[in-house]
Amino acid sequence: MCLGISLARTELPLELIARHGLDRCAHARGGEKEIQFLFRDRDPRLPVWQDGQLQIMRWGNSHGQSRLLPRTGWTWQETIDSGGWKNLDAVPVDIPASLGFERGVWYRIRQGIRGLLVLDEQNSHVVYMICEPSTHYYRVMTRSDRMPMLIDEQI
Amino acid sequence: MGNSRRDTAIGHLDADCFYVSAERVRDPFLCGKPVGVLGNQGACVIAKSYEMKAAGVKTGMPIWEAMKLCPGGIYIKRDFRWYEVLSRRMLEVMRTCSPRVEYYSIDEFFFQAVPQSPGMSLQDSALAIRDRVAQEVGVPATIGIARSRTLAKLISDSAKPFGALAVLDPEAEASLLAERPVSEITGISGQREKRLLPWGIRTCLDLARADRRLVRSLLTSSGETLWWELNGEPAQPIRANRPLHKAISRGGSFGETAVDPAVLYAWLVRNIERLIEELHYHETLVGRLSVWVGYNDGRSGIGQTTLAVPTDRFDQLVEAARSCLRTAWIPRAAAQRMHLIAENLHKREPRPLGLFESATEHNRAEAVAKVKRQVNDRIGRFALRSAATLPLKSIYKDTSNGYDICDIRGKTCF
Ligand SMILES: [Mg+2]
C-alpha cells in the first residue's frame with residue numbers, strides 16, 4: 001500500500017503551507033520543490049480537496065486517537081462497496097499527489113489518489129486512502145499486493 | 001578545434017537519455033529530478049536521467065538495485081508510442097536541417113551536415129541544429145560532425161550531454177581518438193577487442209594508425225571499413241532510404257493458451273493490424289504471407305499463400321491469412337504463440353489494379369484504411385480496430401499492451 005505521497009510545492013496555497021508549517025516537510029530532490037506526506041510521520045497528514053478547497057487533514061487512525069475508527073490509514077474499495085463504512089457518513093474525496101511512495105519506490109501520479117473522509121467522535125476530519133489489488137506492473141515495481149486507487153489513471 | 005575546412009561532412013544526432021527526455025517534454029515536473037523509465041513490466045530500468053546515472057544506476061539494472069543506489073529516484077512506466085511520436089518529430093526537424101537524413105534508430109540519426117545559413121561554420125551549424133531540435137521538439141540531443149560516420153558518432157558520444165561539436169581538423173581528430181578506448185567504436189567489443197590487444201591496439205587512435213592489412217586480417221573487411229572511417233574516409237554512406245527488408249513479421253506469445261478458434265482468429269486479426277502499421281511505415285506491400293502457430297505440446301503449424309497482387313489492404317490480408325490459419329490450425333490443441341511473416345515485399349507505388357479488382361472497391365478500401373490510421377493516430381493505437389478482436393478484450397484494456405517492445409525499430413528489447 002502507498003506509504004506516502006509527495007506534492008509539488010506550487011500545488012499548495014502559501015497560506016496553507018504557513019498555517020500547517022508544511023515547509024518542515026519540504027524535500028529537495030532536484031527541480032521543483034516538493035512537500036512530502038508520509039504515514040510514518042509522527043503526526044501523519046494528507047492534503048485533501050473538500051468543497052473546492054485544499055485542506056490538510058489527519059491521515060488515518062494509527063495512534064488509536066479514535067476508538068470508533070479502524071487503526072490504519074487505508075481501506076479497500078471493496079470494503080466501501082460492501083457497505084463497511086455506511087454507518088460513518090463517509091464521503092469520497094480526492095487526495096492530490098505528484099508522487100506515490102511504496103516500499104522505497106517513488107512513482108509518478110498524474111492527479112492524485114481517491115480517499116474517504118470521515119469524522120471521528122471528536123468531530124475531527126480523518127482521511128483514509130482507498131486501495132485496490134495491485135496491477136501486475138505495480139506489483140513488479142513495488143512488490144506490494146495493494147495499490148492506491150488513482151484518479152483517472154491506470155498504472 | 002577544427003572549423004569548417006570543408007562545407008559538407010557527416011553528422012550524428014543522438015538524443016540525451018531519450019525516454020526520460022521524452023517524458024519530461026510532457027511532464028516538466030520531472031525536470032531536474034532523478035528519473036528512471038521502467039521496462040519489462042516494471043522490473044528493470046531501461047533508461048535513466050543523468051541525475052540517476054550520477055547515483056550509479058545503469059541501464060538494464062533491476063529496480064530493487066536501482067532504488068538502493070538512488071533512493072530519491074522517480075520511476076515511470078514506458079510509453080513507446082509517445083517516444084515514437086517525438087522521434088518522428090525529430091526526424092521532421094532534421095529533414096529541414098539537412099538534404100540527407102538516415103533514421104538510424106528511435107533516437108539517433110546520421111545526416112549530411114551542411115551550413116545552416118550561408119557562410120556559417122559547421123561548428124556553429126552543429127549548435128544551431130541542436131538548439132532547433134531542443135526548441136521545436138523539446139528533447140535535448142548531442143550532435144557530432146566529422147569526416148565520417150564512425151568519427152561523427154565517437155564525437156557525439158564524447159560531447160554528451162547537450163553537446164555540439166564539429167571536428168574536421170585531423171590534429172583535433174587524433175587527440176580525440178587517442179582518448180577513446182577502441183571498444184567505444186560500434187562493432188568492436190568482446191572478441192574483436194581481444195584480437196587487437198596483442199598488437200597493442202587499445203585506443204581508437206591506435207586502430208587508426210595500425211596497418212590497414214593487419215586490421216583486415218584481424219577484423220575482416222568490416223574492420224577495414226572502420227579503419228577507413230577512422231582515418232576520415234567515409235566508407236559507410238548515409239542511407240536516406242533504407243533498403244527494403246527481406247521480410248517483416250509480427251506476432252508473439254499469447255500470454256495464455258488458446259483453443260477456441262474465435263480467439264485464435266482474434267489474434268490473427270490483431271497481428272494483421274500490427275503488420276499493416278509496419279507495412280505502412282515502410283511503404284511496403286506484401287507478396288507472400290505465412291502464418292505460423294506454435295502449440296504448448298511442442299507442435300506447430302504453418303500456412304502460406306501468395307497474394308494475387310502485392311497488397312497492404314486489410315480485407316485482402318485477412319482473406320489470405322484466414323486460409324493460412326486454417327492450414328496452421330490443429331483442432332483441440334492449445335495454441336501459445338503466432339507469427340505472421342510477410343515476404344516478397346514490394347515498394348508501395350501507384351500500381352495497376354489486379355485482374356479481379358474493381359476500382360471502386362479498391363478506392364473504398366484505401367479510404368477506410370486512411371480513416372482508421374487517422375483515428376488511431378489521434379486517439380490511440382487500436383482505438384479503431386476490427387470487431388474480430390473482441391475476444392481479446394483484456395489485452396486491449398490494459399493500455400500498456402498498446403505498444404509491444406518489438407514494435408520499436410532498431411532498439412534492444414527489454
Ligand atoms: Mg541516445
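Naming convention: chains lettered A, B, ... in sequence-line order (proteins, then strands); numbering from 1 in each chain.
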Chemist: Using a 4.5 Å cut-off on heavy atoms from C-beta on, say whether the side chain of Val35(B) contacts that of Arg108(A).
Modeler: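 No; the side chains remain at least 4.5 Å from each other.
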Chemist: Looking at Asp89(A), I'd like to know if its CG atom is crowded, meaning that more than 12 non-hydrogen atoms belonging to other residues, nucleotides or ligands lie closer than 6.0 Å.
Modeler: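 Not more than 12 within 6.0 Å, no.
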Chemist: Which of the residues Phe101(A), Tyr138(A), Tyr107(A), Trp106(A) is involved in the greatest number of heavy-atom pairs with chain B at under 4.5 angstrom?
Modeler: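 Answer, by heavy-atom pair count under 4.5 Å with chain B: Trp106(A).
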Chemist: Please report the closest heavy-atom contact between Arg103(A) and Met67(B), naming both atoms and the distance.
Modeler: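 Result for this residue pair: O-CE, 3.2 Å.
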Chemist: Tell me every residue that passes side-chain contact (heavy atoms from CB on, under 4.5 Å) with Pro261(B), counting only those two or more places apart in sequence or in another chain.
Modeler: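 Counting only residues at least two positions away or on another chain, Pro261(B) forms a side-chain contact (heavy atoms from CB on, under 4.5 Å) with Trp329(B).
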Chemist: Would one find more than 12 heavy atoms of other residues, nucleotides or ligands at under 6.0 Å from atom CD of Gln135(B)?
Modeler: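 No, the 6.0 Å shell around CD holds no more than 12 heavy atoms from other groups.
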Chemist: Please determine whether the number of non-hydrogen atoms from other residues, nucleotides or ligands lying under 6.0 Å from atom CZ of Arg19(A) exceeds 12.
Modeler: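 Correct, the count exceeds 12.
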Chemist: Specify the closest pair of heavy atoms between Gln41(B) and Val140(A), including all atoms of both residues, with the distance to one decimal.
Modeler: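 Closest approach of Gln41(B) to Val140(A): O-CB, 3.2 Å.
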Chemist: Nearest heavy-atom pair of Gly42(B) and Tyr137(A): which atoms, and what distance?
Modeler: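 Smallest interatomic distance, heavy atoms only, reads CA-CE1, 3.5 Å.
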Chemist: Under 4.5 Å heavy-atom distance to chain B, tell me which part of Arg139(A) shows up: side chain, backbone, both or neither.
Modeler: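 For Arg139(A), there is no contact with chain B at all, as no heavy atom is under 4.5 Å.
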Chemist: Counting heavy-atom pairs closer than 4.5 Å to chain A, which one of Ile76(B), Ile74(B), Leu38(B) comes out on top?
Modeler: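 Sorted descending by pairs with chain A, the first entry is Ile74(B).
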Chemist: For the residue pair Ser98(A) and Phe29(B), what are the closest heavy atoms and their distance?
Modeler: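 The answer is CB-CZ, 3.7 Å.
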Chemist: If you measure from CZ on Arg29(A) to SG on Cys70(B), what distance do you get to the nearest 0.5 Å?
Modeler: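 It is 9.0 Å, given to the nearest 0.5 Å.
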Chemist: Just checking Glu121(A): does its CD atom have more than 12 heavy atoms from other residues, nucleotides or ligands closer to it than 6.0 angstrom?
Modeler: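 More than 12 heavy atoms, drawn from other residues, nucleotides or ligands, come within 6.0 Å of this atom.
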Chemist: With a 4.5 Å heavy-atom cut-off (strictly below), which parts of residues 157-164 of chain B touch chain A? List them by number.
Modeler: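 Residues qualifying by a heavy atom under 4.5 Å from chain A are absent, so none.
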Chemist: Does the side chain of Trp64(B) reach to within under 4.5 Å of the side chain of Arg143(A), using non-hydrogen atoms?
Modeler: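 With C-beta onward as the side chain, the pair touches.
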Chemist: Can you tell me if CD on Glu78(A) sees more than 12 non-hydrogen neighbours from other groups inside 6.0 Å?
Modeler: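 Result for CD/Glu78(A): open.
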Chemist: Of all heavy-atom pairs between Lys33(B) and Gly31(A), which one has the smallest distance, and what is that distance?
Modeler: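 Residues Lys33(B) and Gly31(A), closest heavy atoms: NZ-C, 4.1 Å.
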